[in-house]
Amino acid sequence: MGNQVQLASKRLFDAGALGVKNIKLFPGSSRDISAEQLAREINKVLSELSAGDFETNEEVSACA
Amino acid sequence: MNKKFKELYDFCQRLPCPPSISRNLICGKVQEIMGQHVKIVKHGLDTNVLRGLFLSGQSASRFVKQNGGNPVVVLARGMPEEWDRLVQVKEIMHLFDEDDEMTSSADQLEELLNSLTAPSRMMSPQVRTEFEAVYMALACYCPEPARQQFIKDIEAGHTEEYEVALKLRLPQQYVKTLLTPHFGNVVEQILS
């Protein structure tokens, strides 16, 4: 397991960490991506979510 | 996949199409069926690597507290609208994941990441749901009667995939998937 994959796993699932119960992904356009590259993007997202550094696209609410 | 997906599927089958179906309509219905709000956020993801992701937390977890109790769908910033539409609805389909389909451990995450980057003969439930969610999203965006009509029109030479993609406001490469002969079988298996 590479460094980024290990870091993402610990942040997502370790006791006392985020406690995520499900993560799923939509890969990008490159055919040559690695697990480490995917994990690096996941780690960036986790950092920004934790820091509140994101813009809300929309909060989905029930349609009338 | 949760049997409640059938409720969403049946709802979408009754929608007129064309015109293209609103992602807000689909996402709103998912939330209503599953009784959950979803937070949608934009992030500077490298779209060569990742276009979007779905995250949900154990109850009372730090993730849940951090995000107001809501699952989160993250979309890459700056994607063309057709990609935004597909990625958002595909990711929200993971609200229908059953417990044994969720990626909830280091081993499952490692396997998921490896399966997305290299071919594998074995398909875990986690990996299977990644593919199923794409088919579910496409089935919601294109009710079966419209899909059959598009197939007829293409076979008759009256239209082409690019026009269908524009009408549905979906990426053309996924319209190709939508119009294949086995698409209906895959959706039937998901619904059964």
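Below, chain A is the first sequence line, B the second, and so on; all start at residue 1.
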Find the one option among [options] whose heavy-atom pairs under 4.5 Å with chain B are most numerous.
{"options": "A/Q37, A/R40, A/K21", "result": "A/K21"}
{"options": "A/A8, A/S29, A/A39, A/A35", "result": "A/S29"}
{"options": "A/D32, A/I42, A/V20", "result": "A/V20"}

Minimum-distance pair of heavy atoms, taken over all atoms of A/N22 and B/T103:
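The pair with the smallest heavy-atom distance is OD1-N, 2.9 Å.
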Can you give me the closest heavy-atom contact between A/K24 and B/M102, atom names plus distance?
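Taking every non-hydrogen atom into account, NZ-CA, 4.4 Å.
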Heavy-atom contact with chain A under 4.5 Å, split by part of B/Q126
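Both the backbone and the side chain of B/Q126 come within 4.5 Å of chain A.
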Among the clusters formed by ILVMFWY side chains lying less than 4.5 Å apart, do B/L166 and B/I21 turn up in the same one?
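Different hydrophobic clusters.
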Look at the side-chain heavy atoms of Ile, Leu, Val, Met, Phe, Trp and Tyr, link any pair under 4.5 Å apart, and say whether A/I23 and A/L7 land in one connected group.
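No, because A/I23 and A/L7 fall into different hydrophobic clusters, even though each may have its own neighbours under 4.5 Å.
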Crowding at NZ, B/K6 (>12 non-hydrogen neighbours, <6.0 Å)
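Counting other residues, nucleotides and ligands, NZ of B/K6 stays at 12 neighbours or fewer.
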Would you be so kind as to tabulate the donor-acceptor pairs closer than 3.5 Å made by side chains of residues 177-192 of chain B, with sequence neighbours excluded?
residue : atom : partner : partner atom : Å
B/T180  : OG1  : B/T177  : O            : 2.8
B/H182  : NE2  : B/Y135  : OH           : 3.2
B/S192  : OG   : B/Q189  : O            : 2.8

So which residue, B/V64, B/V74, B/L109, ends up with the most heavy-atom pairs under 4.5 Å with chain A?
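Among B/V64, B/V74, B/L109, the one with the most close pairs to chain A is B/L109.
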Just so I understand: if I count every heavy-atom pair under 4.5 Å between each of B/A76, B/S105, B/G44, B/S61 and chain A, which residue has the most?
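The option with the most such pairs is B/S105.
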With sequence neighbours left out, what residues match B/S20 under side chain to side chain donor-acceptor pair (under 3.5 Å)?
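For B/S20 the side chain to side chain donor-acceptor pair (under 3.5 Å) partners, ignoring immediate neighbours, are B/R169.
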Interface residues of residues 46-59 of chain B facing chain A - non-hydrogen atoms under 4.5 Å apart:
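The list, in residue order, reads B/D46, B/T47, B/N48, B/V49, B/L50, B/R51, B/G52, B/L53, B/F54, B/L55, B/S56, B/G57, B/Q58.
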Is a side-chain N or O of B/E130 found less than 3.5 angstrom from the main chain of A/L25, in a donor-acceptor match?
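A pair under 3.5 Å: yes.
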May I have the list of side-chain donor-acceptor pairs in residues 11-19 of chain A shorter than 3.5 Å, sequence neighbours left out?
residue : atom : partner : partner atom : Å
A/R11   : NH1  : A/N43   : O            : 3.1
A/R11   : NH1  : A/N43   : OD1          : 3.4
A/R11   : NH1  : A/S47   : OG           : 3.4
A/R11   : NH2  : A/S47   : OG           : 3.0
A/D14   : OD2  : A/K10   : NZ           : 3.1

